[in-house]
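Structure record follows, encoded as structure tokens.
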Number of protein chains: 2
Amino acid sequence: MTKADALPLSSPLRTRLRALAPLSGAEMQALAAAERDQRRWPARREMIAEGAPITQARAIVSGWACRQRILPDGRRQILDFLLPGDLIGVSPLSNPLAPATILAVTEVVTCALPAAAAGMPGLSHAYTVSAALTELYTLAQVTRLGRLSAQERLADWLLETRDRLALAGQTVGDNLPVPLTQELLADALGLTSVHVNRTLQSMRRDGLLAGRSGMFLLADRQRLEILAGYRSARVTADTEP
Amino acid sequence: MTKADALPLSSPLRTRLRALAPLSGAEMQALAAAERDQRRWPARREMIAEGAPITQARAIVSGWACRQRILPDGRRQILDFLLPGDLIGVSPLSNPLAPATILAVTEVVTCALPAAAAGMPGLSHAYTVSAALTELYTLAQVTRLGRLSAQERLADWLLETRDRLALAGQTVGDNLPVPLTQELLADALGLTSVHVNRTLQSMRRDGLLAGRSGMFLLADRQRLEILAGYRSARVTADTEP
DNA sequence: CGTTCCTTTGAACATAGTCAATAAACGTGG
DNA sequence: CCACGTTTATTGACTATGTTCAAAGGAACG
């Protein structure tokens, strides 16, 4: 054990940003320092309201959140999930408004994000790559909802989520922690919770996956990839993902 | 009539960008000059391939294009349409890759886009606002596909498209030019062309809209807005849209 | 332990898809 | 301007995927 208040040597945020762009020692230091400025959100708490001004850029240290929209009659669409290491509220606009509500799914800890200052080109690049990845994931979500069957949606989402968790060092092999209820999964995939339940069962029967909400195991990743037509995200022609 | 090669006093591109951010005379001049650098694409021509490097930023002068993804088995999802005045290939990344194929729907004319240089803060701001709007439209597309019925999807899409066309001065009242086949509409809305056909018919019967592909008339915009739960996009807390 | 939330199951139903055929519109060359 | 070929729109009958409603088990938690 090191000192009581020492930061761990790595964190999802630093692991992820280092995977998106090469970071200098000073940049890693700045991140580690910013991570000390934490804020806790209980599960189910609204972190940002749709349409509200975005005041500061932060990152997820631990826990899952989601971006969602509620229709006038109460239907909900979850746009995407925010995982450890993901960024929140990074915008090039001067007075940006939140395009969607952000809701803590589990207990969430966020931290401050160092400003992409002049001396830190790596950080700035990492933020840009992160935003571009988010856009890719959103486009994948459009395709998922528009053209995939329930089984394909689940396969595709699990594969994408595995990749995203892996970027932040949150996976062990093909095991992924997924702290979601079937209802949350349903609202993200444009289905009902009843149908998610039945679809998961049939996928387990088919040997495609094992485990349940909480912790999934992609038992046959290759078959899942073929089923969903999955390809992992690539944002730039540089060497990084 | 003015000189044969004189540019028209306004254009969809300049109308739209001026609506997104205040532009100086010099900026309007730069736009008008760039618009002379045109390129024509016949209908159905692939303008950019998914995954290909993006080489230059351009804008749509006239015609409609779409961004689409094709699944391994041939299914297609249209992510969004690119309308006159929309920007293409604007990215903060150094070596960006196209996240989707861009296909000319009708004959399309594009033009060069002035670099957002130091002396042109308005242009740079307009590009940023444009990108933020695109993100909003993509999130709206997710909600549309995930949680709306066929009729709601059509209503919502028509209202959004009306707003977008109006930004570029392409509407006359609630009439909007829509040069799409029902199959294209279906691939954008996650439906089949047969179902789009039947849904349009029922909406005409209900007095919600009139006209057909080519030119639609939103006969009862208020009822359409209630039906779809529609709200127009707002990106910043500043006065602009 | 009791309450609450979550998962699971069944039966009936609805929305949208599939397949196939016809009609209408459009573009082209003569 | 008209005939022809092609694309697009329309229609019908049937099917399938996913939804709704309701209820019963389980698991988690104070």
Side-chain angles (χ1 to χ4, degrees), chain A residues 42-44 64 71 73-78 103-107 144-157 177-206 209-216 227-228, chain B residues 42-44 64 71 73-78 103-107 144-157 177-206 209-216 227-228:
Chain A
R44 289 152 196 266
W64 284 37
L71 300 185
D73 68 348
R75 282 175 287 180
R76 166 169 77 166
Q77 178 62 48
I78 291 178
L103 194 73
V105 169
T106 63
E107 169 175 303
R144 202 152 43 219
L145 297 178
R147 281 294 177 240
L148 299 194
S149 70
Q151 196 164 103
E152 291 165 341
R153 288 183 208 185
L154 267 163
D156 190 63
W157 182 87
V178 178
L180 304 178
T181 63
Q182 294 179 354
E183 185 170 358
L184 283 159
L185 220 34
D187 282 343
L189 297 179
L191 302 167
T192 60
S193 61
V194 171
H195 200 58
V196 164
N197 183 294
R198 290 177 169 136
T199 306
L200 282 174
Q201 287 181 55
S202 88
M203 293 175 80
R204 289 195 204 98
R205 267 197 307 275
D206 294 352
L209 52 86
R212 47 199 65 251
S213 299
M215 184 70 72
F216 282 109
L227 170 64
Chain B
R44 288 150 197 268
W64 284 38
L71 301 185
D73 67 352
R75 280 175 289 180
R76 165 169 78 164
Q77 178 63 46
I78 292 179
L103 194 72
V105 169
T106 63
E107 169 175 303
R144 201 151 43 219
L145 297 177
R147 281 293 177 241
L148 299 194
S149 70
Q151 196 164 103
E152 292 165 340
R153 288 183 208 185
L154 268 163
D156 190 64
W157 183 88
V178 178
L180 304 178
T181 64
Q182 295 180 354
E183 185 170 358
L184 283 159
L185 221 33
D187 282 342
L189 297 179
L191 303 166
T192 60
S193 61
V194 171
H195 201 59
V196 165
N197 184 293
R198 291 179 168 137
T199 306
L200 282 175
Q201 287 180 56
S202 89
M203 292 175 80
R204 287 195 205 98
R205 267 197 307 275
D206 294 352
L209 52 87
R212 47 199 66 251
S213 299
M215 183 70 73
F216 282 109
L227 170 63

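Quantities reported herein were computed from a predicted structural model and do not represent experimental measurements. The chains referred to below are lettered A, B, ... by the order of the sequence lines, with proteins before strands, and numbering in each begins at 1. Values below: every heavy atom of this structure, side chains too, minus hydrogens, waters and symmetry copies.
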| query | Through what angle, rounded to 10 degrees, does the axis of the helix from dC1(C)-dG30(D) to dG30(C)-dC1(D) turn between its ends, using five pairs per end? | reply | 50°
| field | 4.5 Å side-chain heavy-atom contact, Leu154(A) and Phe216(A) | value | no
| message | Using modelled atom types and a 3.5 Å cut-off, is there a donor and acceptor pairing between side-chain atoms of Ser193(B) and backbone atoms of Ala186(B)? | response | no
| task | Return the minimal non-hydrogen interatomic distance between Glu152(B) and Ala228(B), and the atom names on each side. | result | O-CB, 3.9 Å
| Interatomic distance, Arg75(A) CZ vs dT15(C) P [rounded to whole Å] | 12 Å
| said: Which is more 5' along DNA chain C, the nucleotide nearest Leu148(B) or the one nearest Leu200(A)? Just name the residue. | reply: Leu200(A)
| In Å and rounded to the nearest 0.5 Å, what is the CG to CG distance from Leu189(A) to Leu148(A)? | 10.0 Å
| request: Measure from CG on Leu185(B) to C1' on dT8(D) and round the result to the nearest Å. | output: 13 Å
| task | Starting at CG of Leu184(B), measure out to CZ of Arg76(B) and round the result to the nearest 0.5 Å. | result | 5.0 Å
| Touch class at under 4.0 angstrom, heavy-atom based, for Ser149(A) against every strand present | sugar-phosphate
| note | So CD of Glu183(A) and CG of Asn197(A): to nearest 0.5 Å the spacing works out to 12.0 Å
| note | d(Leu200(B) CG, His195(B) NE2) to nearest 0.5 Å is 10.5 Å
| query | Does Gln151(B) place a side-chain N or O at less than 4.0 Å from the phosphate oxygens OP1/OP2 of dA16(C)? | reply | no
| task | Drop me the distance from Asp206(A)'s CG to Gln201(A)'s CD, to the nearest 0.5 angstrom. | result | 11.5 Å
Between protein and nucleic acid, restricted to nucleotides 4-7 of chain C and to nitrogen or oxygen atoms under 3.5 Å apart, what atom pairs and distances do you find?
unit_1	atom_1	unit_2	atom_2	d
dC6(C)	OP1	Arg44(A)	NH2	2.8
dT7(C)	OP2	Gln182(A)	N	2.9

| To the nearest Å, how far apart are Arg76(A) CZ and dT19(D) P? | 15 Å
| query | Atom CZ of Arg44(B) and atom OG1 of Thr106(B): how far apart are they, to the nearest 0.5 Å? | reply | 11.0 Å
| query | Do you know which of Gln151(A), Arg153(A), Arg147(A) makes side-chain contact (heavy atoms from CB on, under 4.5 Å) with Ser149(A)? | reply | Gln151(A)
| Whole-Å distance between dT17(D) C1' and Leu145(A) CG? | 16 Å
| How long is the line joining CD of Gln201(A) and P of dG26(D), in whole Å? | 14 Å
| note | Arg147(A) CZ to dG18(D) P, in whole Å, measures 13 Å
| Check: Leu209(A) and Arg204(A) side chains under 4.5 Å, non-hydrogen atoms | yes
What N/O pairs connect the protein and nucleotides 10-14 of chain C at under 3.5 Å? Give each pair on its own line.
unit_1	atom_1	unit_2	atom_2	d
dG10(C)	N7	Arg198(A)	NH2	2.4
dG10(C)	O6	Arg198(A)	NH2	3.4

| request: Give a yes or no on this: more than 12 heavy atoms of other residues, nucleotides or ligands lie within 6.0 Å of atom CD of Glu107(B). | output: yes
| Distance in angstrom units between His195(B) NE2 and dG17(C) C1', rounded | 9 Å
| Looking across every strand, which nucleic acid part, if any, lies under 4.0 Å from Gly214(A) by heavy atom: base, sugar-phosphate, or nothing? | nothing
| query | For the pair made of CG in Asp187(A) and P in dT19(D), what is the distance, rounded to whole Å? | reply | 11 Å
